[in-house]
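Each remark here refers to the structure printed beneath this line.
Chain letters run A, B, ... following the sequence lines, proteins first, then strands; residues in each count from 1.
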Amino acid sequence: MIETQEGDVSAYIPTNVISITDGQIYLEPNLFNAGVRPAINVGISVSRVGGNAQIKAMKKIAGTLRLELAQFRELEAFAKFGSDLDKATQAQLRRGERLVEILKQKQYSPMAIENQVMIIYSATKGYMDEIPIPHIQRYQNDLLQEVENMHPAILQSIRETKDLVKENTDKMDEILKSFTERFKSTIN
Amino acid sequence: MAEVKSDEISAILRKQLSGFETEVDVYEVGTVLYVGDGVARVYGLAKCEAGELIEFPNGVFGIALNLEEDNVGCILFGESSLIKEGDQVKRTKRIASMPVGEQMLGRVINPLGQPIDGKGEIHTDKFLPLERKALGVIQRQPVKEPLQTGLKAIDAMIPIGRGQRELIIGDRQTGKTAVAVDTIINQKGKDVFCIYVAIGQKGSTVAQVVKSLEEAGAMEFTTVIVATASDPAPLQYIAPFSGATLGEYFRDSGRHALVVYDDLSKQAA
């Protein structure tokens, strides 16, 4: 862990430590103040080890997440000009906002890997697109509660096989579809 | 004048002689020439080894780091005000080491392995040197197992593996410690032993971290090594070494360990 001054990562000590480690997680005050906590700048944070640092299930869904977030960041800057945006762009922005929202996490509440997979899957597959941002946190909690109570076999399978098989994703799609419909009706 | 009885005298002599110890306590001593900035220069320790533990008066210990022709430079792990010029110092013939073992779990210790949490002495049966040679290329395994942090943003996009060194970098008040503490809490029930090394922080800040670890039930598998900002600089310097040594003990016994150094900019400065 290294503390920087005014975000200066090119000082003597930070550069030295960056070079002896296998990657860095960069935390930014701007993000922190904007309420994105943990304030991780995903763009410049890296992990320089092979793919073996991730379970297969996460690998399968993380690619989409990373790509969509990168696209979102590019569009976000552009969209600030307030011009009329076409449908596809609006959809991408909506997706991106939700992805940023699910990556927020309260302190002292780490999440089991199978639950992470469940939530990221539902966001990248677009099930959250219709849910207003303020309700995303509740959506996550309710979803996990439902899956834990009604379909524990799916979570158990991810935990034990560390993989996401077709059989499970089909079932997850089914659950997410019905859950999202029910959740939407509770909003108003 | 009283009569002198020969057998009485010989009895007294015999009694005195019986208590005579023929063993001699031999140790090499030196004299302090100079003390300042947590460093002492000592004359007379001709056979002293590099990294050897040196005993000063008033219970202060030091490590010999500079071996010069006519003197030895030692860093001090205690108040330098307790030591003055001309003090006698002893060689211990031990390379600086710390006690290691499962007994360390759940405890708060200083970088020398002494408890500072008021929960009594720690009895371990093993000592490891603070400075050890790193393993060669052949003995190492590739990173092949994930270390789950429990944070979605990290586990999904910046995955960390066991055996990896990941730097957490950022300005003050951006949640660096929070990321580390959450990761420790997430190791519950995963057979990963955690070591949190607090370097150059305020005592109250460290107490806060220990409290949150306790509340999350994470102290059972965690050791906290503390060298606060008010501790002598050599103690802060050595703190990461003792964290690594304790971690290596778990590694050598075939288990996993997570070591957090919070933070190294204070150690380097």
Inset, instruction - Measure distances from A:Lys59 to the heavy atoms of chain B and classify the residue's part below 4.5 Å as side chain, backbone, both or neither. - result: neither
Legend entry - A:Asn41 CG to B:Ile169 CD1 distance, which is reported to the nearest 0.5 Å: 12.0 Å
Inset, instruction - Starting at CD1 of B:Ile160, measure out to OG of A:Ser47 and round the result to the nearest 0.5 Å. - result: 6.0 Å
Inset, instruction - Please say which of A:Leu69, A:Ile120, A:Ile40 ends up in a side chain to side chain contact (heavy atoms under 4.5 Å, CB included) with B:Met157. - result: A:Leu69
Legend entry - Euclidean distance, B:Leu151 CG relative to A:Gln116 CD, rounded to 0.5 Å: 7.5 Å
Legend entry - Portion of A:Ile2 that has a non-hydrogen atom of chain B nearer than 4.5 angstrom: both
Legend entry - Which portion of A:Pro38 sits near chain B, non-hydrogen atoms under 4.5 angstrom: side chain
Inset, instruction - Pick one of side chain, backbone, both or neither for B:Ala216, based on which atoms fall under 4.5 Å of a heavy atom in chain A. - result: neither
Legend entry - Any side-chain heavy-atom pair of B:Asp182 and A:Gln107 under 4.5 Å: yes
Legend entry - Region of A:Arg37 in contact with chain B, defined by heavy-atom distances below 4.5 Å: neither
Legend entry - Structural part of A:Glu28 lying under 4.5 Å from a heavy atom of chain B: backbone
Legend entry - Structural part of B:Val143 lying under 4.5 Å from a heavy atom of chain A: both
Inset, instruction - Would you mind checking which part of A:Met58 comes under 4.5 Å of any heavy atom in chain B, side chain (CB onward), backbone (N, CA, C, O), both or neither? - result: side chain
Legend entry - Region of B:Gln148 in contact with chain A, defined by heavy-atom distances below 4.5 Å: side chain
Inset, instruction - Looking only at non-hydrogen atoms, find the nearest pair between B:Tyr261 and A:Met1 and report the distance. - result: O-CB, 3.0 Å
Inset, instruction - Let me know if A:Lys60 has heavy atoms under 4.5 Å from chain B in its side chain, its backbone, both or neither. - result: neither
Inset, instruction - Side-chain contact test, heavy atoms from C-beta onward, threshold under 4.5 Å: evaluate it for B:Pro142 versus A:Asn52 and give yes or no. - result: no
Inset, instruction - Could you tell me whether the side chain of A:Gln54 and the main chain of B:Asp155 form a donor-acceptor pair under 3.5 Å? - result: yes
Inset, instruction - Can you measure from NZ (A:Lys104) to NZ (B:Lys152) and round to the nearest 0.5 angstrom? - result: 11.0 Å
Legend entry - Portion of B:Gln173 that has a non-hydrogen atom of chain A nearer than 4.5 angstrom: backbone
Inset, instruction - Tell me, for B:Thr149 versus chain A, whether the close heavy atoms (under 4.5 Å) come from the side chain, the backbone, both or neither. - result: backbone
Legend entry - Atom pair CG (B:Asp263) and CD (A:Glu3), whose distance is rounded to the nearest 0.5 Å: 5.5 Å
Inset, instruction - Counting only heavy atoms closer than 4.5 Å, note whether B:Lys266 contacts chain A via side chain, backbone, both or neither. - result: side chain
Legend entry - CD on B:Glu166 to CD1 on A:Ile25, rounded to 0.5 Å: 4.5 Å
